[in-house]
Amino acid sequence: MDLFSPVALGDLQLANRVVMAPLTRMRSGASGVPGDLVVEHYEQRAGVGLIITEGTYPNHESQAFVGQPGIVTEEQVEGWRRVASAVHERGGTIVMQVMHGGRVTHPDTNGGRRVVAPSAIAIDGQTRTSTGKQPYPMPHALAADEAHATLQDFVDASRRAVEAGLDGVEIHGANGYLLHEFLSPASNVRTDEYGGTPENRARFVVEVVTAVAEAIGAGRVGLRISPEHNIQDALETDRDDVLATYGALVDQLQPLGLAYLSVLHSEPGGDLVQELRRRFGGHLIANSGFGGVTTREEAVQLIESAHADAVAVGRAVIANPDLVERWAGEHPENEPNAATFYAAGAEGYTDYPFLAAG
Ligand SMILES: Cc1cc2nc3c(=O)[nH]c(=O)nc-3n(C[C@H](O)[C@H](O)[C@H](O)COP(=O)(O)O)c2cc1C
């Protein structure tokens, strides 16, 4: 297979297999409304096969970062409508990553609201809030009925994303946020049907994804996971437990016919990811994580070896709005500047140069 060939992931039509990975950039202000700058940023990158937006909060208490966009208010929906239509006008395809931050936040970030998680276990460390760095707070353990209300917030947010004109949603089950907190035995010590055994820890993610798929159509829904990523204290250090937990998850997702499974793992071609892919039975988007920036060579190799159907590319897409053109023509690339990843304004966001015309 060729990285530059088209592919259909469920209802999503991709012109090529280079996917813009979800990338939090914190440029949506206090209102969480994507404005002109955000519209321009995504519009510039519409040449990738699929844009997955930055993690976007489905309810106010789930906001994890200052300046993160939401999909809660009418103004936020209207902001995303402008993003989606700009991307579509340039022939692109775009889904929203719906991200509940779980315990990876603070009342000074989420508007003074409660901080929730599967269990009352705080992350050991500090978080950047609107009032500076502070220790992570002790989260409130969601009661079962509160978990069901949170599930409904994922469904309502996904409906609003589609209403705003996005082509679908990616449910964020990776990187130590709420859904990943349910999966990990380090952050989930519940004794009800959502904790204990691997099957129980997988249950909430299965329920959320199933409910979202029922609401907007499975062909528009993807899920991102990051087994063994060991980030933000969502530790998964026992391979047998990891396989049992994520195996239970993908076995139950298989009959739904989702658009894709996106996996962040340091060895996308290794046994774990390839077994999960086989049991999931659908398309795989791969990303090898933060260790090294995804290169053209790595992306080509993942597709040519048939280890993935598409490749999520993060930092290279930040730095190169026309990355597909550069990779296809083997042109030189701009280097990403990490200092502006989470900064404000156009610098390091919309001002990376395109290839010179002609
Ligand atoms: C600035 C930045 C923001 C990120 N934000 C998100 C996010 O919102 N959701 C997510 O699932 N992953 C996020 N990631 C992880 C990326 O999607 C990707 O997996 C990571 O950058 C590794 O890929 P790369 O080597 O191609 O950059 C982020 C990474 C970076 C560098």
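If you're wondering where the values come from, they're calculated on a predicted model, not measured in any experiment. Both backbone and side-chain heavy atoms feed into the values below; hydrogens, waters and symmetry mates do not. Both ligands and their constituent atoms are indexed starting at 1 by order of listing.
- Counting all heavy atoms, side chain and backbone alike, Leu276 lies closest to Gly247 at CD2-N, 3.8 Å.
- Between Arg277 and Asp309 there is a salt bridge, since at least one side-chain N of the basic residue sits less than 4.0 Å from a carboxylate O of the acidic one.
- Residue contact check: Gly55 has heavy atoms under 4.0 Å from atoms 8 (O) of ligand 1.
- Within ligand 1, counting atoms from 1 as listed, the ones closer than 4.0 Å to a heavy atom of Val313 are 26 (O).
- Contact atoms of ligand 1 toward Gly289: 22 (C), 23 (O), 25 (O) (distance under 4.0 Å to a heavy atom of the residue).
- Not one N or O of Ala312 is nearer than 3.5 Å to an N or O of ligand 1, by distance alone.
- Residue Tyr57 forms a side-chain hydrogen bond (donor to acceptor under 3.5 Å, both in side chains) with just one option from Gln68, His100, Gln76, and that option is Gln76.
- Phe290 meets the ring-ring contact (aromatic ring centres under 6.0 Å, His included) test with His229; sequence neighbours excluded.
- The shortest N/O to N/O separation between His172 and ligand 1 falls below 3.5 Å.
- Here Leu264 has side-chain heavy atoms under 4.0 Å from ligand 1, and that is the only part of it that gets that close.
- In the vicinity of Gln97, heavy-atom distances shorter than 4.0 Å reach the ligand 1 atoms 7 (C), 8 (O), 9 (N), 10 (C), 11 (O).
- Between Phe341, Tyr177, Phe290, it is Phe290 that holds the heavy atom closest to atom 15 (C) of ligand 1.
- Contact check on Arg201 versus Asp241 returns a salt bridge, with a Lys/Arg side-chain nitrogen under 4.0 Å from an Asp/Glu carboxylate oxygen.
- One finds a salt bridge joining Asp36 and Arg82 here, because a Lys/Arg side-chain nitrogen approaches an Asp/Glu carboxylate oxygen to under 4.0 Å.
- Polar contact with ligand 1: absent for Glu54 (N/O pair, distance under 3.5 Å).
- The distance from ligand 1 to the heavy atoms of Val293 drops below 4.0 Å at these ligand atoms: 25 (O).
- With respect to the salt-bridge test (charged N to carboxylate O, under 4.0 angstrom), the residues Arg81 and Glu78 qualify.
- In terms of protein heavy-atom proximity, atom 13 (C) of ligand 1 is nearest to Pro22 O, 3.0 Å.
- Shown in contact with Ala21 at under 4.0 Å from a heavy atom are these atoms of ligand 1, numbered in order with element: 17 (O).
- Ligand 1 is approached by Gly292 to a heavy-atom distance shorter than 4.0 Å.
- Of all protein heavy atoms, the one lying nearest to atom 25 (O) of ligand 1 is Arg315 NH2, 2.8 Å.
- The ligand atoms of ligand 1 that sit less than 4.0 angstrom from a heavy atom of Tyr342 are 1 (C), 2 (C), 3 (C).
- Taking the six-membered ring where the residue is Trp, His41 and Tyr349 present parallel rings, their angle staying beneath 30° rather than reaching 60°.
- Ion pair Arg296/Glu333 not flagged as a salt bridge, since none of the NZ, NE, NH1 or NH2 atoms sits closer than 4.0 Å to an Asp/Glu carboxylate oxygen.
- Only side-chain heavy atoms of Asn287 come within less than 4.0 Å of ligand 1; its backbone N, CA, C and O stay farther off.
- Under 4.0 Å is where a charged nitrogen must lie from a carboxylate oxygen, and between Glu61 and Arg114 at least one such pair does.
- Using a 4.5 Å heavy-atom threshold, the side chains of Leu272 and Leu243 count as touching.
- By the criterion of a heavy-atom distance under 4.0 Å, neither the backbone nor the side chain of Met99 is placed next to ligand 1.
- Using a 4.0 Å cut-off to heavy atoms of Asn175, the atoms of ligand 1 that qualify are 10 (C), 11 (O), 12 (N).
- For ligand 1, the polar-atom distance check against Gly314 finds a nitrogen or oxygen pair separated by under 3.5 Å.
- Within a 6.0 Å radius of CD in Glu347, other residues, nucleotides and ligands contribute 12 heavy atoms or fewer.
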